[in-house]
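Report on one structure; see the data block that follows.
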Amino acid sequence: MCGIVGYIGTQAATDILLSGLEKLEYRGYDSAGIATVLEGQLDCIRAKGKLCNLREKLESQVNPSRIGIGHTRWATHGKPEEYNAHPHTDTARRLAVVQNGIIENYRELREGLKERGHEFRSDTDTEVIPHLIAEFLSSSSSISPSPLLEAVRQAVNKLEGAFAIAVISADYPDEFIVARQQAPLVIGFGKGEFFCASDTPAIVPHTNAVLPLENGEMARLTSLGVEVYNFAGDRLKKSPRTLNWNPVMVEKQGFKHFMLKEIYEQPGVVRACLESYLNDDWQPESKNSPINLGLSDELYRDLEQIQIVACGTSWHAGLVGKYLLEQLAGIPTMVQYASEFRYAPSPLTPNTLSIGVTQSGETADTLAALAMEKERRAAYCQNGNRPSFQPRLLGITNRPESTLGQMIPNIINTHAGIEIGVAATKTFVAQLMAFYCLALDLAYRRQTIAPTKLEQIISGLRQLPAEIEVILESQERYVENLVHELAETQDFIFLGRGINFPIALEGALKLKEISYIHAEGYPAGEMKHGPIALLDAKVPVVAIAMPGNVYDKVLSNAQEAKARDARLIGVTPTNDSEAADTFDDTIPVPAVDELLSPILTVIPLQLLAYQIAAHRGLDVDQPRNLAKSVTVE
Ligand code: M6R
């Protein structure tokens with residue numbers, strides 16, 4: 001939520017800041033702005049709306065400044081207007097601040113600052129920060145290591161909430177200061193130039209040497225180097241690490257949208273997961289698990305229960321995970337919305353594994369739920385209770401370098417590569433793969449799966465990439481035809497059962513978030529308990545019907561919808577005459593084991609949502625009101 005960038009070095013800062021913001025626009029696009037320092041003056045330019053508006057404003061300017069900060073906003077406090085756009089400045093307009101996060105105590109700080117004569121020009125929580133820094137600067141006698149650093153340090157110690165900030169000052173033109181508390185911030189190390197950003201895509205075009213700041217850390221960036229401190233002012237010894245990325249990964253590579261490119265990357269994503277976690281030479285008679293996730297044995301010992309916390313699409317992946325963990329490994333599993341779990345946690349149970357699923361590794365609710373779980377379990381054990389209640393945490397993420405990665409030692413990296421489209425696609429499939437691996441590993445260790453079944457599933461997993469390719473190759477024929485007829489529809493229903501119920505939810509979410517069409521996902525058997533009242537000829541029903549346990553049930557639920565005149569679209573294999581008779585239209589998927597089918601059935605639903613949104617001329621990659629990583633509560 002909101003993206004911040006900063007630069008100091010040898011090149012003109014404006015271009016670097018703008019290209020950095022472009023890479024972060026997925027984090028918010030309500031307004032954008034940059035501030036630079038030139039010849040002792042602060043220059044701050046902001047524009048409402050997307051980055052292109054800011055670009056236009058800057059076009060006529062020649063600004064050779066070599067230091068600057070920038071921001072792209074997802075509005076929390078204050079409307080998306082230019083006067084609320086970042087950077088925000090102090091009363092004298094000598095220093096500027098960009099922020100990602102929320103300052104929870106901004107009201108009281110603002111009142112105090114106003115009483116002391118500070119002039120406010122926005123409705124944001126952020127604006128208290130430049131005023132506080134200015135106040136500390138004017139009262140500070142510190143010269144070492146830098147008055148600006150010291151003033152920022154004092155200011156951040158007054159702030160409550162989550163924030164990542166970057167600060168420049170016209171009076172200190174050779175440095176900028178950054179600080180982090182519960183919101184991501186990465187520093188990039190170039191040759192004689194240094195960067196900061198909310199996320200690495202803004203940095204990788206310049207350097208692969210990065211240092212993610214941790215909570216309670218701040219840094220001073222000059223053209224000579226980076227000094228890292230904690231909020232108490234102690235200097236810390238930190239070294240950058242090398243990112244295994246290349247800038248091409250954050251380009252569209254000929255696709256019209258990032259989302260389409262990411263949908264097409266899915267065969268490769270599944271292959272990468274298999275290569276990372278499947279033991280190549282495994283045979284049913286082998287004495288070891290077919291899966292190697294590299295997790296500590298402590299996580300698995302005497303496991304009695306699993307609880308999964310996540311939001312949005314990651315929550316849907318958690319539901320598929322529950323199905324697999326219960327049906328394959330026989331472990332009772334709960335799936336909680338992180339935002340609900342934080343305020344109404346389930347009673348503590350012994351030998352419980354808590355899994356946080358978050359592609360970004362930065363979702364505030366998921367991180368807070370995991371932190372709470374860790375804390376309450378540790379406190380319970382410290383009070384002399386049984387050690388079996390100790391926290392056991394596992395993270396499933398696409399960004400092991402994220403806050404989640406720093407917080408939890410046991411991580412399953414989903415290896416999907418950076419995802420730019422706001423609607424999650426390839427990272428969802430990668431999360432499902434992580435759950436297949438985890439459930440199979442547990443099933444093997446607990447001996448809850450027959451060797452032949454295990455072999456069958458492993459061989460099925462290996463065939464998935466080619467099967468996804470088949471779906472992608474045939475999509476134009478099936479999905480595009482439908483799109484012309486359905487693009488103006490107002491309501492959609494998605495039905496699924498068993499392991500494909502979460503896929504119905506995911507299909508509905510994809511359609512809602514990028515095409516703005518109302519859609520609901522239901523377990524097919526629940527329709528007759530109420531939602532069936534919604535059906536008529538104007539409401540298309542997309543039903544996922546994969547041969548297996550609930551195939552006949554889904555087909556008969558689909559018939560119930562058909563009897564109410566609904567147009568029935570089946571995501572189903574083509575080789576069954578009953579299905580062919582049931583559905584008005586079919587989007588075919590290969591006939592695979594029902595247990596593996598979610599990896600395939602979600603693909604046509606992603607394509608359907610994408611094609612409808614694109615046909616409606618909508619901004620597929622940056623849908624309204626959304627942001628890729630939700631770093632506020
Ligand atoms: O980064 P996370 O996986 O924690 O994000 C969770 C949700 O915000 C995310 O899945 C959201 O629902 C996406 N827009 C779905 O496409």
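Numbering of ligands and ligand atoms starts at 1, following listing order. Every value quoted in this text rests on a predicted model; they were computed, and no experiment measured them.
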statement: All heavy atoms of E520 vs all of A508, minimum pair found to be C-CB, 3.7 Å
Plane angle bin for H71 and H86 - parallel if under 30°, tilted between 30 and 60°, otherwise perpendicular: parallel
- request: Considering only non-hydrogen protein atoms, determine which one is nearest to atom 10 (O) of ligand 1 and report residue, atom name and distance to 0.1 Å.
  value: T313 N, 3.0 Å
Test: K426 and E265 ion pair at under 4.0 Å: yes
- line: Between S346 and Q336, the two heavy atoms sitting closest are OG-NE2, 2.7 Å
task: Examine T358 against ligand 1 and note whether any of their N/O atoms are separated by less than 3.5 Å.
output: yes
message: Counting C-beta onward and ignoring hydrogens, is there a side-chain heavy-atom pair between W315 and T366 closer than 4.5 Å?
response: no
- prompt: At a 4.0 Å threshold, what atoms of ligand 1 neighbour a non-hydrogen atom of V422?
  reply: 13 (C), 14 (N), 16 (O)
field: Ligand-residue contact atoms, ligand 1 with G312, heavy atoms, under 4.0 Å
entry: 10 (O), 12 (O)
field: SB check R271 E469 (cutoff 4.0 Å)
entry: yes
- request: Among all protein heavy atoms, pick the one closest to atom 8 (O) of ligand 1 and tell me residue, atom and distance.
  value: V630 CG2, 3.9 Å
message: I'd like to know if K79 and E81 make a salt bridge, using a cut-off of under 4.0 Å between side-chain N and carboxylate O.
response: no
query: Counting from 1, what ligand 1 atoms have a heavy atom of S314 closer than 4.0 Å?
result: 2 (P), 3 (O), 10 (O)
statement: Closest to atom 6 (C) of ligand 1 (heavy atoms only, candidates C311, A310, G356) is C311
query: For ligand 1, which atoms have a heavy atom of A423 less than 4.0 angstrom away?
result: 16 (O)
- request: Decide whether the shortest distance between a heavy atom of L626 and an atom of ligand 1 is less than 4.0 Å.
  value: no
message: Tell me whether the NZ or CZ atom of R624 lies within the 45° cone about the ring axis of Y516 and under 6.0 Å from its centre.
response: yes
query: So which protein heavy atom does atom 16 (O) of ligand 1 come closest to, and at what separation?
result: E513 OE2, 2.4 Å
message: Test of understanding: given a 4.0 Å heavy-atom threshold, classify the contact between E362 and ligand 1 as side chain, backbone, both, or neither.
response: neither
query: Of all the non-hydrogen atoms in the protein, which one sits nearest to atom 4 (O) of ligand 1, and at what distance?
result: T363 OG1, 2.4 Å
message: Considering both backbone and side-chain atoms of A424, is one of its nitrogen or oxygen atoms within less than 3.5 Å of a nitrogen or oxygen in ligand 1?
response: yes
task: Provide the number and element of each atom of ligand 1 under 4.0 Å from a heavy atom of K510.
output: 15 (C), 16 (O)
task: Classify the angle between the aromatic ring planes of F195 and H206 as parallel (below 30°), tilted (30 to 60°) or perpendicular (above 60°).
output: parallel
- request: Check whether any side-chain heavy atom of Y337 lies under 4.5 Å from a side-chain heavy atom of D365, and answer yes or no.
  value: no
field: Heteroatom proximity flag, T366 to ligand 1, N/O under 3.5 Å
entry: no
message: For atom 1 (O) of ligand 1, what is the closest protein heavy atom, and at what distance to 0.1 Å?
response: S360 OG, 2.6 Å
